[in-house]
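Please read the structure below before turning to the comments.
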There are 2 protein chains.
Amino acid sequence: MLRPKLIDVAREAGVSPTTVSRVINNHGYLSEETKNKVFQAMKRLNYQPNSIARSLHGKKTQLIGVIFSSVSNPFFGELVEKIENKLFKLGYKTILCNSADNKEKERVYLNMLIANQVDGIIAGAHNLGIKEYEKVGLPIISFDRYLSSTIPIVSSDNYAGGVLATQELYQSGARKIYFFASSHTPNSPTDKRRVGYLDTIKKLQLEAHEKVIASATPSSVKALMIRQILSTEQIDGIFCSDDLTALIVLRQAKELGIRVPQDLKVIGYDGTQFIQKYHPELTTIAQPINDMAELLVELLLKRVTDEQSELKEHYVLPVKLIRNQSSLQFI
Amino acid sequence: MLRPKLIDVAREAGVSPTTVSRVINNHGYLSEETKNKVFQAMKRLNYQPNSIARSLHGKKTQLIGVIFSSVSNPFFGELVEKIENKLFKLGYKTILCNSADNKEKERVYLNMLIANQVDGIIAGAHNLGIKEYEKVGLPIISFDRYLSSTIPIVSSDNYAGGVLATQELYQSGARKIYFFASSHTPNSPTDKRRVGYLDTIKKLQLEAHEKVIASATPSSVKALMIRQILSTEQIDGIFCSDDLTALIVLRQAKELGIRVPQDLKVIGYDGTQFIQKYHPELTTIAQPINDMAELLVELLLKRVTDEQSELKEHYVLPVKLIRNQSSLQFI
DNA sequence: TTCGGTATGTCAATCGTACGTCACAAAGTT
DNA sequence: AACTTTGTGACGTACGATTGACATACCGAA
C-alpha cells in the first residue's frame with residue numbers, strides 16, 4: 001500500500017488507531033506484545049507517520065531554515081554541510097535557502113520559512129533590516145553578523161585572525177602589508193579582521209593599505225584589479241580576507257613574475273578543507289568550521305526546546321594560523 | 001500578534017474566515033473592497049498562511065527533497081545551488097540531504113522525506129537498491145545514475161566527454177594516455193566517460209591505462225598514489241574523471257618537475273564555475289550545470305503536477321571542451 | 001469475592017485551513 | 001412586481017494524527 005495511514009496500521013495490527021498512536025508516541029500503558037504487533041505492522045506497510053498532520057497539533061515540525069548567500073562558495077558549502085549533518089543527527093531537516101545576497105529573495109525566504117512553521121533559523125546572510133528579523137518571532141541564531149540584541153551571534157575570532165595574519169606577514173619579513181577586504185561593512189564581525197590588521201599595523205609602526213575587492217565582483221575583474229595593484233605598487237605582504245581572493249593574488253603574482261614567498265607573502269582567510277587539500281601552499285587563517293556549525297546548531301536547539309534559555313549575545317571561537325609556503329620567511 | 005491565524009485576520013478585517021480563505025485562494029465571488037480589507041488586515045497582522053495546515057488538505061507541500069552526497073564539493077555545490085534557485089523561483093522549497101555516500105543515512109533520509117510529504121525528489125546519490133526507491137511512490141528524477149526503469153535520468157553526455165578529452169590529449173601530442181577514474185561502477189552513466197576513453201584509445205590504436213582513485217580516498221593519499229604513478233611511468237597525458245583529481249595531478253607534476261603541458265597534458269572533468277575562475281589553466285570537460293539543473297527541475301515538476309506525464313528514460317545534455325593551458329600542444 | 005493495577009478500546013475534540021453547499025441580499029432584467 | 005444574476009458570507013465537513021476522558025476487560029493479590 002502506498003502511503004498507508006495510522007488507521008491502516010491499526011487494521012493490519014488488529015488494534016485500535018488509538019493504540020497505534022500510543023505505541024508511536026509511547027504514551028500510556030502498553031504491553032510488549034501489542035507494541036511488537038504494531039511495530040511489525042508498521043514495518044510491513046512501510047508506514048511513515050505523516051509529519052504534516054503531527055505538526056498541525058502544535059508539535060514541532062523538526063524543520064530548520066538555513067539561510068546563506070551561496071553554497072557554491074566552498075566556505076559556505078562546508079559550513080552548511082556540517083550544519084546539515086548535525087541537524088540530521090538530532091532529527092531535524094534542513095531547508096536550504098541561498099539568498100544570493102538578494103534582499104528581496106531573503107525576505108521572501110523568511111516569510112516562506114514562517115509559513116512552513118520551521119522550528120528555527122540559522123541565518124548567515126543578512127541584507128534585511130533588523131526589524132524584519134525581529135518580527136519573525138522564531139528562534140534565530142546568526143552567523144558572523146549582527147542582527148539585533150536578541151539574536152545571538154556565532155563567529156570566529158575575526159579580530160585575532162586579523163592580528164595573527166598581520167603578525168605572520170611581519171615576522172616573515174614583509175613591511176609593506178596590504179589588506180584586501182572582500183566587503184566593507186563597518187561594525188560587522190567580519191570587519192574585525194580589518195580592525196585587527198589596522199591595530200597590528202599601528203603597533204608595528206607601519207603604514208596601513210586597504211583595498212576593497214567586493215566579493216560580488218566578477219573574478220576576472222578582481223584579477224585585473226589585483227594585477228593592477230601588484231604591478232604598480234611595491235608590496236611584500238598581502239592579507240586577504242578570504243582564501244579565494246588569495247588564490248587570485250597567487251595566480252596574478254605568478255603571471256607577473258613576482259615570486260611567492262620570496263618577493264611577496266600572502267595570507268588568506270577561512271581555511272576550508274578544500275583549500276587545505278587543494279592549495280596546501282597557501283597560508284591561511286582557519287576558521288573552526290566544524291565547531292561553529294556545532295555551536296550554531298546547539299544554541300539554536302537550545303532556543304527551540306526552551307524559549308527562555310539565556311544565551312550570550314556573541315560567541316567567539318578561536319581561529320588558527322595554518323602556516324604554509326606562501327608566507328614563509330625566505331632566508 | 002505573533003503567528004496570527006486565518007481567523008484573526010477575519011476578525012481584523014471584519015469578515016468571515018471563509019471570506020479570508022477565498023481572498024487568499026482567489027476563489028468565488030469577491031468584491032475589490034473586501035479583498036482590500038482582507039489584504040490590509042493580513043499586512044497589519046503580518047499574516048502568513050500556515051502551509052502545514054494547507055498541505056494537510058491534500059494540497060501539495062511545495063517541498064522538494066534534494067539528495068546529494070555532499071555540497072562541499074564545488075560541483076555538487078553549484079548544481080544544488082542552481083536547483084535550489086530554480087525551485088525557489090517556481091515556489092518550491094528545497095530540503096537538503098547530504099547523504100555522505102552513506103547507505104543508512106540515505107535510507108533514513110528517504111523515509112524522512114516521505115514523512116514530510118515532499119512533492120518530489122531529485123536524487124544525485126544512490127547507494128540504495130532500486131527497490132527502496134521504487135517503493136517511495138513519489139515523483140523522482142535521478143541525476144547521473146540508473147535507479148529503475150521508471151525513474152528518468154538526467155546526465156550530461158559522459159561518453160562524448162570521454163571521447164573529447166581523449167582526442168584532445170591525442171591531438172596535442174600525447175601518446176601514453178592514462179584515465180584516472182574516481183570510481184568504478186560499471187553501467188553507471190559516469191562510467192561512460194571511461195568507455196568513451198577506451199573506445200577512442202582503441203580507435204587511435206593506443207594502449208589503455210586505467211587507474212581508480214576512489215573519490216572517498218583522503219586527498220593526501222590520492223596525492224601519493226598519483227605521485228607514485230607520475231614518477232614511475234612515462235606518461236604524457238592524463239584524463240581525470242573529475243577536476244579536483246586533476247588539480248592534484250597538476251600539483252604533483254609541478255613538485256616532480258614535470259612540466260605541464262610540455263611533458264604532460266592534463267584534462268579534468270566537470271568544469272564548474274569555481275574551476276574556471278580559480279584554475280583557468282586547467283583544460284576540462286564542462287558539464288552544463290545550469291541546463292542540467294533546469295532540466296532536473298522541469299522534469300520533476302512535470303511529474304509532480306501530472307503523474308501520468310510521459311518522460312523519457314534518459315536525458316543527455318551536451319558537454320563542452322574548455323581548452324586551456326594544461327592540454328596545449330607544445331611546439 | 002473484591003480491589004487495584006494494567007491493558008486496550010471507544011468517542012470526541014482539536015490543530016489551521018480548504019472548499020463545496022446553501023442561503024440570502026443587492027442589483028439588474030423583463 | 002416577479003424573476004434572474006451575481007456577490008457575499010455562514011456552515012459543515014475533511015485532512016491525519018494526537019490526546020484526554022471514559023469504559024471495559026483482564027490479571028493476580030488480598
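Fair warning: this is a prediction, and the values are worked out from it, not measured in the lab. Throughout, a chain's letter reflects where its sequence line sits, starting with A, and its residues are numbered from 1.
For C/dT6, the OP1/OP2 oxygens have a side-chain nitrogen or oxygen of A/Tyr29 closer than 4.0 Å. A/Tyr47 has a side-chain polar atom (N or O) that falls below the 4.0 Å cut-off from OP1 or OP2 of D/dA17. Distances shown here put every side-chain N or O of B/His57 at or beyond 4.0 Å from the OP1 or OP2 atom of D/dT13. Between C/dT17 and B/Arg54, no contact under 4.0 Å exists linking OP1 or OP2 to a side-chain N or O. Residue A/Lys35 places no side-chain N or O under 4.0 Å from the OP1 or OP2 atom of C/dA7. Between D/dT18 and A/Ser21, a contact under 4.0 Å exists linking OP1 or OP2 to a side-chain N or O. A close approach under 4.0 Å does not occur between any side-chain nitrogen or oxygen of B/Thr19 and OP1 or OP2 of D/dT8.
Residue-to-nucleotide proximity on DNA chain D shows that, of B/Thr18 and A/Asn25, the 5′-proximal contact is made by B/Thr18. Comparing A/Ser16 and B/Leu6 along DNA chain C, the residue whose closest nucleotide (by nearest heavy atom) sits nearer the 5' end is A/Ser16.
For B/Arg22 against D/dG7, no side-chain N or O and base N or O form a donor-acceptor pair under 3.5 Å.
Of the charged side-chain nitrogens involved, none lies within less than 4.0 Å of a carboxylate oxygen, so that A/Asp8 and A/Lys5 do not count as a salt-bridged pair.
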Atom pairs and distances, side-chain donor-acceptor, residues 292-303 of chain A, under 3.5 Å, sequence neighbours left out:
unit_1: A/Glu294; atom_1: OE1; unit_2: A/Lys86; atom_2: NZ; d: 3.3
unit_1: A/Arg303; atom_1: NH1; unit_2: A/Thr150; atom_2: O; d: 3.4

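Using a 4.0 Å heavy-atom criterion, one finds that B/Gly14 contacts no nucleic acid atom at all. Residue B/Ile52 is classed as having no contact, given no heavy-atom separation below 4.0 Å to the nucleic acid. The residue B/Thr34 sits close only to the backbone: its heavy atoms come under 4.0 Å of sugar-phosphate atoms, none of a base.
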Q | Test side-chain hydrogen bond (donor to acceptor under 3.5 Å, both in side chains) applied to B/Gln287 and B/Ser156, step by step | A | CA-CA 6 Å; B/Gln287 300 197 58; B/Ser156 60; 2.7 Å; yes

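A distance of 8.5 Å separates CG of B/Leu56 from OG of A/Ser55, quoted to the nearest 0.5 Å.
Between A/Phe143 and A/Phe75, the angle of the ring planes lies from 30° to 60°, which puts this pair in the tilted group.
What separates CG of B/Leu30 from P of D/dG9 is a distance of 8 Å, to the nearest Å.
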